[in-house]
Each structure stands twice: as structure tokens, then as C-alpha cells.
Amino acid sequence: KAGVTQTPRYLIKTRGQQVTLSCSPISGHRSVSWYQQTPGQGLQFLFEYFSETQRNKGNFPGRFSGRQFSNSRSEMNVSTLELGDSALYLCASSFENTGELFFGEGSRLTVL
Amino acid sequence: TQLLEQSPQFLSIQEGENLTVYCNSSSVFSSLQWYRQEPGEGPVLLVTVVTGGEVKKLKRLTFQFGDARKDSSLHITAAQPGDTGLYLCAGANSGYALNFGKGTSLLVTP
């Protein structure tokens, strides 16, 4: 079956802009998590959604937000971009939150 | 605060050598997972260990969960170039989030 699909794969933005990233989970998976990966900090948890409800949120500022739709697809948004937001944003889905995550290839964001 | 510390950060070895990667924490986890990430891709789950003292083998890879469920190790026997990648450990507890270590970057040269 198809894996986790993230779009876009690469994007370049400038400071102050906003960005929306999309994630389509594996069919049947209702839990979607988002992680930010940087060389210095590794993978940092952003938030997790299950059946359109945010169940947990990491320690990120309010500029980072997300949502999940009824078909389990998810989006995350970052407003007022800062240089430090440059990172690989990874989406992962799981079945009934078994704890075993299936990751997409990520969206690499560069903020200039 | 990084709950999971992985060592070493970088490891460069020749094909055929053995290696061990460590994942340590002061926190107890209900389970611990190991992932491998290759350049340009997302992490891929290798194994989940749940019981303290548990040992799991995946071909040439041996995973061990500490008795106190605070640490884990990954041992690779006779490493091959295809083992090259970033090895990540991740601890799970309540809250629907995994706590990842920063990873061990492994390079296996022919």
C-alpha cells in the first residue's frame, strides 16, 4: 500500500512569510504526528492528531499550528517564518497510535 | 532537554567490522524504538522493544532493552555498506509523542 506522502518536498521562503505543509497518511491510519528535524536538535515533536483532534503538542511557539481533516490528511502551518525554522519537517502516521510510526520523506524548508 | 542521549554521534568503520550504538536516558520508557534514516528519506522503523532485558535480533542487528527500561543498545555484526545511515532511538511513554535521540551517523566503507 502507498506510504506517507508529504508535499511539497522542498520549498524556499523568506523571513516573515508563512508556509503550509501537507501530509497524506497511510490508508487506514488515523493518527498523524509532525516532527521537526534539524542537525543541532535532532527530531523534535510538534503535535499529534487523531480523528481530527489534537491530542498532544510539543514545546513550539504558537506560530506553529496544524489540523487534521476527516479523511485523516493533515496540514501544518508556520506563520511569520524565522531563519531558525529552516528544517526538515517530517510527518508520520500510525494505526490507532500503536506507537510505531511510518514516516514520509519530509518537506525541507529553507528560510532566507 | 534531550531525554535520550545517543553515543557515539559519528562512527566510520570498514566493511566486516562489528559495532555497538548506545541510547541512554534517566527516564523510564514504556517501550523503545530504533529507526534508520537514509539521506533524503524519512526514518524507517527497525524494531520496538517493550520488556526490560528484552533482546531482539533482526538478521545482523541485535537490539537490547535495559532491565530498567532506561537504555538500549544496537549491535551490528559484520557491517556492510548498506548499513550506512543515521540510527535513531526513540522512547515512548504516555502522551502520544516519541522522544528521539539525536542519532548516530554510521558510515561503512567497502
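These figures come from a predicted structure and were not determined experimentally.
- Checked by atom type and distance alone, the side chain of B:K102 pairs as donor or acceptor with a backbone atom of A:G40 at under 3.5 Å.
- Under a hydrophobic clustering in which Ile, Leu, Val, Met, Phe, Trp and Tyr are joined whenever their side-chain heavy atoms come within less than 4.5 Å, directly or via other members, A:W34 and A:V19 fall into the same cluster.
- There is no contact between A:R108 and chain B, counting heavy-atom distances below 4.5 Å.
- Residue B:Q9 places its CD atom among 12 or fewer non-hydrogen atoms of other residues, nucleotides or ligands, all under 6.0 Å distant.
- Neither the backbone nor the side chain of B:S31 comes within contact range of chain A; no heavy atoms are under 4.5 Å apart.
- To the nearest 0.5 Å, the span separating CD on B:Q37 from CG on A:L90 amounts to 6.0 Å.
- Under the 4.5 Å side-chain heavy-atom criterion for ILVMFWY residues, no single connected hydrophobic cluster contains both B:F65 and B:V50.
- Contact check for A:L101 versus B:L98: side-chain heavy atoms found under the 4.5 Å cut-off.
- Hydrophobic clustering of Ile, Leu, Val, Met, Phe, Trp and Tyr side chains at less than 4.5 Å, counting indirect connections, unites B:V108 with B:W34.
- Within the 4.5 angstrom heavy-atom criterion, no atom of A:F47 approaches chain B.
- More than 12 heavy atoms of other residues, nucleotides or ligands sit less than 6.0 Å from atom CZ of B:R60.
- The cluster map of Ile, Leu, Val, Met, Phe, Trp and Tyr, joined by side-chain heavy atoms under 4.5 Å apart, puts B:L61 and B:V49 in the same cluster.
- Heavy-atom distances place the side chain of A:Q37, and not its backbone, under 4.5 Å from chain B.
- Cluster annotation: B:L11 and B:F63 are assigned to the same hydrophobic cluster (Ile/Leu/Val/Met/Phe/Trp/Tyr, side-chain heavy-atom contacts under 4.5 Å, transitive).
- Remark: A:N71 CG is packed, more than 12 non-hydrogen atoms of other residues, nucleotides or ligands lying under 6.0 Å away.
- In this structure, no portion of A:L46 lies under 4.5 Å from any heavy atom of chain B.
- Atom-to-atom distance recorded for B:L4:CG and A:L43:CG is 12.0 Å, nearest 0.5 angstrom.
- Residues A:F45 and B:F100 place their aromatic rings such that the two centres sit no closer than 6.0 Å.
- Listed here is the closest heavy atom pair of A:N56 and B:A97: ND2-CB, 3.7 Å.
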